[in-house]
Amino acid sequence: QSYRLIADNAGDIVMRVADGRWAWLSPSLTTVLGLAEAEVIGCPASDLVHPEDLEAFQRAVAFVSQDARTLTRLRLRSAKVDWVWTECLCTPLPDDDAEARGALIIARDISAQVQAEESAADARADLAYSANFDLLTGLRNRQAVLTALSDSLSDCDPERYVAVLVIDVDNFKIINDGISHAAGD
């Protein structure tokens with residue numbers, strides 16, 4: 001009764017998969033995913049999992065031994081939004097012969113964490129782009145051109161000729177001296 005009380009009141013979704021179908025789901029299914037237990041019980045377990053995450057889900061619940069536990073990230077179907085990112089701890093549930101037949105899955109909503117990770121990755125990509133390209137023209141900046149030129153020259157055959165074309169803009173010195181080299185770049 002204590003374990004049932006804990007599962008019924010946990011913020012994470014507690015689920016049991018048996019024979020590839022959802023056998024039991026905690027009430028937090030409705031809170032986290034907006035789905036009613038009646039909609040999911042008895043359905044194939046894969047119906048709740050994002051198609052791109054099916055392979056990871058199947059690996060997580062296909063236990064080799066009774067002691068195996070896996071932690072994996074999966075997107076689960078939601079009635080509130082399309083998909084909810086979850087971190088799932090999967091533990092095998094042995095049958096009477098002590099062979100793993102089902103799984104107990106505890107799923108925690110990590111959508112905010114995944115969104116923060118994606119935002120940080122986008123910010124890093126933007127910073128890397130800004131470090132090498134002019135934001136106004138989209139052209140490589142001076143440092144990126146010099147790096148590319150250096151890389152190209154180091155790859156050249158020493159017995160062949162190399163040419164570099166430099167284009168000069170008349171009176172550009174006025175911009176560099178008057179505003180700054182950064183503005184000129």
Side-chain angles (χ1 to χ4, degrees), residues 1-136 138 140-141 144:
Q1 283 182 330
S2 294
Y3 292 125
R4 180 65 178 244
L5 187 63
I6 291 168
D8 283 349
N9 292 288
D12 297 342
I13 306 170
V14 181
M15 305 175 277
R16 187 167 70 89
V17 175
D19 298 321
R21 298 191 172 278
W22 296 111
W24 184 82
L25 299 128
S26 66
S28 57
L29 175 79
T30 304
T31 308
V32 177
L33 300 179
L35 300 172
E37 184 180 352
E39 294 177 67
V40 182
I41 291 289
C43 292
S46 59
D47 285 359
L48 205 58
V49 180
H50 191 282
E52 293 176 11
D53 299 337
L54 274 176
E55 188 177 323
F57 174 73
Q58 289 164 348
R59 272 195 317 268
V61 296
F63 298 101
V64 177
S65 72
Q66 192 173 345
D67 298 329
R69 290 175 67 172
T70 58
L71 185 64
T72 188
R73 283 185 172 190
L74 300 171
R75 285 166 286 184
L76 297 178
R77 183 170 48 88
S78 170
K80 297 177 179 183
V81 292
D82 287 338
W83 300 97
V84 172
W85 273 102
T86 61
E87 186 173 67
C88 296
L89 176 64
C90 303
T91 306
L93 287 176
D95 61 13
D96 294 337
D97 298 329
E99 289 190 31
R101 198 182 126 204
L104 177 71
I105 302 171
I106 300 173
R108 171 170 289 152
D109 181 356
I110 59 165
S111 297
Q113 176 184 339
V114 170
Q115 185 177 9
E117 290 168 1
E118 289 172 353
S119 294
D122 289 346
R124 284 190 298 274
D126 289 347
L127 184 61
Y129 182 84
S130 297
N132 293 301
F133 291 88
D134 179 77
L135 297 178
L136 179 63
R140 289 184 183 186
N141 63 18

Rounded to the nearest 0.5 Å, what's the gap from CG on D109 to CD on E87? Could you check? 11.0 Å
For residues Y129 and L135, determine if any side-chain heavy atom of one lies less than 4.5 Å from a side-chain heavy atom of the other. yes
State plainly whether the residues E117 and R124 are in salt-bridge range, i.e. N to O under 4.0 Å. no
Please give me the minimum heavy-atom distance between S46 and L54, naming the atom from each residue. CB-CD2, 3.3 Å
Side chains of residues 30-40: which donor-acceptor pairs under 3.5 Å do they make with residues two or more places apart or in other chains?
{"residue": "T30", "atom": "OG1", "partner": "L35", "partner atom": "O", "Å": "2.9"}
{"residue": "E39", "atom": "OE2", "partner": "A36", "partner atom": "N", "Å": "2.9"}

Contacts of type ring-ring contact (aromatic ring centres under 6.0 Å, His included), residue W24, not counting sequence neighbours: none
Note: S111 and W85 closest approach over all heavy atoms is OG-N, 3.1 Å
Euclidean distance, L104 CG relative to L89 CG, rounded to 0.5 Å: 8.0 Å
Shortest non-hydrogen separation from W83 to V49 and the atoms involved: CZ3-C, 3.9 Å
Of all heavy-atom pairs between G42 and R21, which one has the smallest distance, and what is that distance? O-NH1, 2.8 Å
I want to check something: taking the side chain as every heavy atom from C-beta on, are Q113 and E118 in contact at a cut-off of under 4.5 Å? no
Find the distance between OG1 (T72) and CD (Q58) and round it off to the nearest 0.5 Å. 12.0 Å
Among all residues two or more places apart in sequence or in another chain, which pass the salt bridge (charged side-chain N to carboxylate O under 4.0 Å, His left out) test with D53? R75
Are the side chains of R59 and T70 in contact, using a 4.5 Å heavy-atom criterion? no
If I take atom OG from residue S78 and atom NE2 from residue H50, how far apart are they, to the nearest 0.5 angstrom? 12.5 Å
Does some side-chain heavy atom of W22 sit less than 4.5 Å from a side-chain heavy atom of V17? yes
Spacing of T86 atom OG1 and L76 atom CG [to the nearest 0.5 Å]: 4.0 Å
Rounded to the nearest 0.5 Å, what separates atom CG in D12 from atom CZ in R108? 4.0 Å
Using the rule given for side chain to side chain donor-acceptor pair (under 3.5 Å), can you reason through S28 versus S26, listing the C-alpha separation, both sets of side-chain angles and the distance that settles it, and then say yes or no? CA-CA 5 Å; S28 57; S26 66; 2.8 Å; yes
Is the closest side-chain heavy-atom distance between C88 and L71 below 4.5 Å? no
Donor-acceptor under 3.5 Å (N132 side chain, R140 main chain): no
